[in-house]
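This one's a predicted model, so the numbers in the text were calculated from it and none came from an experiment. Note on naming: letters A, B, ... go to the chains in the order of the sequence lines (proteins, then strands), and numbering restarts at 1 for each one.
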There are 2 protein chains.
Amino acid sequence: MSDLLERLLGRGWRMTSQRRVVAEVLSGDHIHLTADEVHARAVRRLPEISRSTVYNTLGELVSLGEVAEVSTDGRAKRYDPNARRSHQHLVCSGCGIIRDVHPVGDPLAGLPAEQRFGFTVSGAEITYRGLCPSCA
Amino acid sequence: MSDLLERLLGRGWRMTSQRRVVAEVLSGDHIHLTADEVHARAVRRLPEISRSTVYNTLGELVSLGEVAEVSTDGRAKRYDPNARRSHQHLVCSGCGIIRDVHPVGDPLAGLPAEQRFGFTVSGAEITYRGLCPSCA
DNA sequence: TCCTACGATGGACAGAGTCCAAGTCAATAA
DNA sequence: TTATTGACTTGGACTCTGTCCATCGTAGGA
């Protein structure tokens with residue numbers, strides 16, 4: 001059983017075959033699937049699963065903090081199961097592939113007080129852009 | 001005439017009343033309008049302007065590098081006329097207001113070679129999140 | 001085993017954006 | 001100034017992504 005699934009059971013998540021399949025599809029590293037892609041893979045294992053259920057389940061996983069929403073291109077949101085470890089993303093401008101990366105240092109350090117306009121700044125998301133080895 | 005408009009004329013951009021209005025709407029600092037908002041403001045000055053034309057014109061301004069697309073919330077893209085000066089964004093998690101900010105240092109410096117997975121990294125977009133003075 | 005509240009379903013709907021055929025017009029040439 | 005023409009504009013249909021809701025089904029406790 002996957003890590004994610006184990007944690008969800010530990011939280012008393014009501015388990016159904018649909019939820020199990022969605023959680024299984026979202027296992028692994030560098031996984032950044034759109035809701036439609038999650039649905040497509042879920043359907044292979046459970047042909048009757050509906051689009052609504054996938055959306056509901058993804059939304060719940062996000063609320064629980066187990067999965068993060070990533071939108072690197074203004075198109076469909078992507079779902080990243082690696083939400084517990086803070087990380088950023090490196091995106092290929094050619095093919096769109098996404099890698100999880102762990103920059104060094106505190107990203108908030110680069111924003112001096114006079115650039116904060118009185119905001120209480122709590123976090124930063126960084127999207128690095130470039131070309132992957134195949135596209136370069 | 002606005003800066004933007006002047007530069008466009010200098011590039012030999014074919015000028016029409018529609019394009020002029022869109023360029024005028026997109027003038028100023030800390031402007032981050034959605035395509036629909038641009039259209040709404042353009043209609044006040046030129047009631048017949050169509051949604052398609054606004055989309056076409058915005059797309060072209062982005063291609064020319066005069067305007068940047070910003071998507072901070074996975075909803076509608078926003079258009080930022082301040083594209084020539086590199087900057088990042090500070091977004092209020094409460095009301096969604098966006099400020100342009102200029103962090104110090106090179107954002108790419110935080111990504112060590114072993115975290116680049118062979119990519120040729122060319123840029124980074126940073127979205128700082130927090131609460132604005134009104135929402136705090 | 002039975003109940004029932006929670007979850008799943010699917011179809012309608014909404015928001016954002018793209019595409020295209022047809023009509024219009026800015027800019028150039030004569 | 002007028003004619004010409006290729007670029008621009010229009011509006012409607014369409015796609016994609018996501019949300020909502022009434023109804024049905026079922027996991028898990030009694």
What is the distance from CG of B:L46 to P of C:dC25, rounded to the nearest Å?
12 Å
Gap between atoms CG and P, on B:L61 and D:dC8 respectively (whole Å):
12 Å
To the nearest angstrom, how far is B:E37 atom CD from C:dG17 atom C1'?
15 Å
5′-ward residue of the pair B:T53/A:W13 relative to DNA chain D
B:T53
With the side chain of B:D36 defined as its heavy atoms from C-beta on, choose the nearest nucleotide among C:dA16, C:dG17, C:dT9.
C:dA16
Using the closest heavy atom to pick a nucleotide of DNA chain C for each, name whichever of B:N56 or B:K77 lands nearer the 5' end.
B:K77
Would you kindly give the CG-to-P distance between A:L58 and C:dA8, to the nearest whole Å?
12 Å
Indicate whether OP1 or OP2 belonging to C:dA8 is found under 4.0 Å from a side-chain N or O atom of A:T16.
yes
Of the listed C:dG17, C:dG15, C:dA8, the closest approach to the B:R75 side chain comes from C:dG15
Indicate yes or no for a side-chain donor-acceptor contact from B:S122 to the backbone of A:R129 under 3.5 Å, with no hydrogens or angles considered.
yes
Rounding to a whole Å, what distance do you find between A:E48:CD and D:dT26:C1'?
14 Å
Take the protein atom CZ of A:R19 and the nucleotide atom C1' of C:dT9, then report the distance between them rounded to whole Å.
14 Å
Neighbour count >12 (heavy atoms, 6.0 Å) for atom CZ, B:R11:
yes
Using a cut-off of strictly less than 4.0 Å, decide whether A:Y55 has a side-chain nitrogen or oxygen near OP1 or OP2 of D:dT19.
no
Which nucleotide in D:dT17, D:dC8, C:dG7 has an atom nearest any side-chain atom of B:R14:
D:dC8
Round to a whole Å and report the spacing from CE of A:M15 to P of D:dG28.
8 Å
Select one nucleotide: of D:dC8, C:dT9, C:dG17, the one nearest the side-chain heavy atoms of B:A76.
C:dG17
Quick check for you: among D:dT10, D:dT9, C:dC6, whose closest atom lies nearest to any side-chain atom of B:S52?
D:dT10
B:Q18 CD to C:dG23 C1', in whole Å, measures 13 Å
Base, sugar-phosphate, or nothing: which does A:R51 touch, judged by heavy atoms less than 4.0 Å apart?
base
Under a 4.0 Å N-O cut-off, is there an ion pair linking B:E60 with B:R19?
yes
Which nucleotide sits closest to the side chain of A:A35: D:dG18, D:dT9, D:dA13?
D:dG18
Could you work out which one of D:dG18, C:dG7, D:dT9 sits closest to the side chain of A:E60?
C:dG7
Is there a donor in the side chain of B:D80 and an acceptor in the side chain of B:H30, or the other way round, less than 3.5 Å apart?
no
A:H39 side-chain N/O to A:S52 backbone N/O, donor-acceptor pair under 3.5 Å
no
